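All values derive from a computational prediction rather than experimental measurement.
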Amino acid sequence: MSPLTRRRIANFRANKRGYWSLKIFTGIFVLSLGAEFIANDKPLLLSHQGQLYFPVLFAYPETTFGGVLRSETDYRDPYVQDLISDAGWQLWPLIRFDYTTIDWGIDVPAPSPPSTRHWLGTDDVARDVLARVIYGFRLSVLFGLALTFMSAVIGVTVGAIQGYFGGWVDLAGQRVVEIWAGLPVLFLLILLSSLVQPTAITLLLLLMLFSWTALVAVVRAEFLRTRNFEYVRASRALGVSHFDIIRQDVLPNAMVATLTFLPFLLNGSITTLTSLDFLGFGLPAGSPSLGELLAQGKANLHAPWLGLAGFFTLLIMLTLLIFVGEAVRDAFDPRRSVTGLEAA
């Protein structure tokens, strides 16, 4: 590991708020990746007539356990429960509902308040709010990471071409970027979302059309600054190809500013997805969406647990990402040192 990398890691760790935010966010995200093992309407493991089954991983017909239906087993059915209990045992996850499970056994009208059965209550169709929060957190972060990665690839490429070649390439590219960035993005996304069948893939592609412009200016400025350095001019004189010069000599300098900007771009991606879901133009109906949970809270003011669950989930998620972004910015700042951070 180079001394520069060690210094950057030390600067990042010296920012205690960002360092612990990264650990907390990573821990929550890793747990959410195993959401099926935390909140599910299927047992994690069951034993029937001496044989082990893994319903959380595999689908078994009801006939496997002595039933009459050849369709997938409904493990919440009392009839199936009796069949399994008579000849074995079951190990259930901590929350016995997934994000689509409708609880027909609640004693009060939906949305029902928090209870020992539903720790954060249910929504307006009797689905467990905590399960939807766990799955929604995972979906939001994965969607944001995918959108951030795709936008970064396009934005860095466009900014690198503009900044490296300059001249009419930079002039024409900058006019296109300015016009594209000046479009009313939210209204266009609402219009396009209403014209196509909303799926996670189509929504990701639609958002990517407008989110890549955020990195162009940062990368372009770094390339314009670096393109006339002595070592870059020497590489040109030696006949090194433009692609190799960009990749080996100029891009590493631009990546410092890009990496600093990425946590904030991830924040914006998650916020945009939540906004579209809140307005009803986002993910398909029934998806574990934090924006849809906020919309339910707005429509059911007599059930404040709906809005509060979505609000605090977003608050914690975005706050942790902002703190991580600040720590990354400090880590790549050449004017900062570990002692300077500690003094601050």
| How long is the span from the CZ atom in Phe223 to the OG1 atom in Thr226, to the nearest 0.5 Å? | 7.5 Å
| task | May I ask you to decide if the ring planes of Phe58 and Phe54 are parallel, tilted or perpendicular, using 30° and 60° as cut-offs? | result | perpendicular
| query | Say you draw a straight line from CG of Asn40 to CZ of Phe97; how long is it, rounded to the nearest 0.5 Å? | reply | 11.5 Å
| message | Using the rule given for salt bridge (charged side-chain N to carboxylate O under 4.0 Å, His left out), can you reason through Glu292 versus Arg127, listing the C-alpha separation, both sets of side-chain angles and the distance that settles it, and then say yes or no? | response | CA-CA 13 Å; Glu292 190 258 352; Arg127 296 173 300 194; 3.5 Å; yes
| note | salt bridge (Lys or Arg N to Asp or Glu O under 4.0 Å) pairs touching residues 158-177, sequence neighbours excluded, are Asp170-Arg220, Arg175-Glu178
| remark: Taken to the nearest 0.5 Å, the spacing of His48 NE2 from Ser85 OG works out to 10.5 Å
| task | Looking only at non-hydrogen atoms, find the nearest pair between Pro43 and Leu46 and report the distance. | result | CG-CD2, 4.2 Å
| query | Between CD1 of Ile84 and CD of Gln81, what distance do you get to the nearest 0.5 Å? | reply | 6.5 Å
| query | Does the pair Lys42/Glu36 count as a salt bridge with the N-to-O cut at 4.0 Å? | reply | no
| query | Just checking, is any N or O donor in the side chain of Thr274 or Asp277 under 3.5 Å from an acceptor N or O on the other one? | reply | no
| said: In terms of relative ring orientation, are His242 and Tyr164 parallel, tilted or perpendicular, with 30° and 60° separating the classes? | reply: perpendicular
| task | Could you check whether the rings of Phe65 and Tyr53 sit parallel, tilted or perpendicular, using 30° and 60° as the cut-offs? | result | perpendicular
| field | Flag for Thr199-Thr202: side-chain donor and acceptor within less than 3.5 Å | value | yes
| Are any side-chain N or O atoms of Trp180 and backbone N or O atoms of Leu209, one a donor and one an acceptor, separated by less than 3.5 Å? | yes
| task | Carefully, step by step, assess Phe29 and Leu142 under the rule side-chain contact (heavy atoms from CB on, under 4.5 Å). | result | CA-CA 9 Å; Phe29 179 56; Leu142 290 177; 3.6 Å; yes
| salt_bridge(Arg236, Glu230) N-O dist < 4.0 Å | no
| field | Side chains of Asn11 and Asp330, donor plus acceptor under 3.5 Å | value | no
| task | With rounding to the nearest 0.5 Å, note down the distance linking CD1 in Ile38 to CG in Asp98. | result | 13.0 Å
| said: Does any part of the side chain of Trp212, heavy atoms only, come nearer than 4.5 Å to the side chain of Met150, both counted from C-beta? | reply: no
| Should Met208 and Leu205 be marked as a side-chain contact (heavy atoms from CB on, under 4.5 Å) after you check the CA-CA gap, both sets of side-chain angles, and the distance that decides it? | CA-CA 5 Å; Met208 185 192 64; Leu205 295 177; 4.2 Å; yes
| query | Within a reach of under 6.0 Å around CG of Asp107, are more than 12 heavy atoms found that belong to other residues, nucleotides or ligands? | reply | no
| query | Salt bridge or not for Arg96 and Asp128, using N-O below 4.0 Å? | reply | no
| Under-4.0 Å salt bridge between Glu62 and Arg70 | no
| request: List the steps, then state whether side-chain contact (heavy atoms from CB on, under 4.5 Å) holds for Leu273 with Leu283. | output: CA-CA 8 Å; Leu273 174 65; Leu283 295 169; 4.0 Å; yes
| message | Around atom CH2 of Trp20, are there more than 12 heavy atoms from other residues, nucleotides or ligands closer than 6.0 Å? | response | no
| query | Does Tyr135 sit in a hydrophobic cluster with other residues, and if so which ones, taking ILVMFWY side chains as linked at heavy-atom separations under 4.5 Å, directly or through other members? | reply | Tyr99
| said: Checking Leu44 against Phe37 for the side-chain contact (heavy atoms from CB on, under 4.5 Å) test, could you report, in this order, the C-alpha distance in whole Å, the side-chain angles of both residues, the deciding distance, and whether it holds? | reply: CA-CA 7 Å; Leu44 301 176; Phe37 298 92; 3.9 Å; yes
| field | Reported CZ-to-CZ distance for the pair Arg227 and Phe165, which is rounded to 0.5 angstrom | value | 9.5 Å
